[in-house]
There are 2 protein chains.
Amino acid sequence: MDPTLDTVFAALADPTRRSILTMLLEDDMAVTDVAEPFEMSLAAISKHLTILAAAGLIAQEKRGRVKWCKLEPDALKTASVWMQGFGQFEPVNLDAFEAFLERELGEDRP
Amino acid sequence: MDPTLDTVFAALADPTRRSILTMLLEDDMAVTDVAEPFEMSLAAISKHLTILAAAGLIAQEKRGRVKWCKLEPDALKTASVWMQGFGQFEPVNLDAFEAFLERELGEDRP
DNA sequence: CGAAAGGTCAACCGTTTGGTTGAATATGCC
DNA sequence: GGCATATTCAACCAAACGGTTGACCTTTCG
């Protein structure tokens, strides 16, 4: 909808929402299944998903009574490009990039 | 200092703070000079700078009565790497990532 | 049909955020 | 010493955030 840098970065600032994105890296999920590993109400997760969708980070499609959530990484591009403007000072760090999948797909989930 | 993804993304979520970072791309600045173009109080800018420093995005060094602020892009690297992890499945974003690497690697050439 | 499952809505609550103002604290300068 | 400059501190405020609960639709299924 209106994925500005504000909304994207604000959406990414919450650990629960980042965990949700990481979960969606593996597969599309229904809202209830997204909520399952978290120790908070379904309504709270529903709100988080709304925020992620408003930021353009996920898309939600209702099929039957189930609402499927899937990753929509385009919104990340805007923010990523913005950040890379500062990257000119960064040394190359492929190690960190490789460590990403290990760390995020491993530890980060509740 | 505790530059987590939480604090980094939260710091980046505010447009004023992103503007400050952009200004600091050009040169190090004193707090008063950072505040000058904004239509808000000096105290407000001082708070923003504290948040940026807590996120590790800037460093502040006091010389005399002037506190100099300089960009500290290392904290961005963590967040950038995190984001790029999502981009790898997206062809469009893959291009951005390749461009990023090309630029970074290009610095070594004469 | 009626009941259960999947989600959202609405109202509420405590905490955080982003801003203000005025006083306070250093530091530099004549 | 005394005054201006640079910056932070403290108290306050409205709005936004992250969560809860209970009521409410919609869809599926026996």
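Chain identifiers are assigned alphabetically (A, B, ...) following the order of the sequence lines, protein sequences preceding nucleic acid strands; residue numbering begins at 1 within each chain. None of these values were measured; they are calculated from a predicted model. Heavy-atom basis, side chains included; hydrogens, waters and symmetry copies ignored.
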Atom-to-atom span, CZ of Phe9(B) to C1' of dC17(D) - whole angstrom | 18 Å
How close or far is atom P of dT28(D) from atom NZ of Lys67(A), stated in whole angstroms?
-> 15 Å
From CZ of Arg65(A) across to C1' of dC24(D) the rounded distance in Å is 16 Å
Of the listed dG6(C), dT20(D), dG19(C), the closest approach to the Val66(A) side chain comes from dG6(C)
Using a heavy-atom cut-off of under 4.0 Å over every strand shown, decide if Ala10(B) touches base, sugar-phosphate, or nothing.
-> nothing
Ignoring the backbone of Thr32(B), work out which of dC9(C), dA6(D), dG19(C) is nearest its side chain.
-> dA6(D)
For the side chain of Ser19(A) and the backbone of Pro15(A), is there at least one donor-acceptor N/O pair under 3.5 Å apart?
-> yes
To the nearest angstrom, how far is Ile45(A) atom CD1 from dC9(C) atom C1'?
-> 17 Å
Counting just side-chain N and O atoms, does His48(B) come under 4.0 Å of either OP1 or OP2 of dT17(C)?
-> no
Find which nucleotide of DNA chain D each of Arg63(A) and Leu42(A) is nearest to by heavy atoms, and output the residue with the more 5' nucleotide.
-> Leu42(A)
At under 4.0 Å, does any side-chain N or O of Ser46(A) touch on OP1 or OP2 of dG7(C)?
-> no
Does a side-chain N or O from Ser41(A) land closer than 4.0 Å to OP1 or OP2 of dG19(D), or not?
-> no
Rounded to whole angstrom units, what separation is found between the CG atom of Leu49(B) and the P atom of dT8(D)?
-> 7 Å
Rounded to whole angstrom units, what separation is found between the CD atom of Glu61(B) and the P atom of dT8(D)?
-> 14 Å
side-chain contact (heavy atoms from CB on, under 4.5 Å) with Leu57(A): of Leu12(A), Ile20(A), Leu24(A), Thr7(A), only one passes, and it is Leu12(A)
Would you say a side-chain N or O of Lys62(A) is under 4.0 Å from OP1 or OP2 of dG7(C)?
-> no
Could you give the CD1-to-P distance, from Ile58(A) to dG7(C), as a whole number of Å?
-> 12 Å
Is the shortest heavy-atom distance from the side chain of Lys67(A) to the side chain of Glu61(A) under 4.5 Å?
-> no
Residues from residues 12-20 of chain B lying under 4.0 Å of DNA chain D - heavy atoms = none
Select base, sugar-phosphate, or nothing to describe what Ala30(B) touches, counting heavy atoms under 4.0 Å on all strands.
-> sugar-phosphate
Can you check whether Cys69(A) reaches Asp28(A) side chain to side chain, under 4.5 Å on heavy atoms?
-> no
Glu39(B) has an atom CD; how far is it from atom C1' of dG18(C), in whole Å?
-> 16 Å
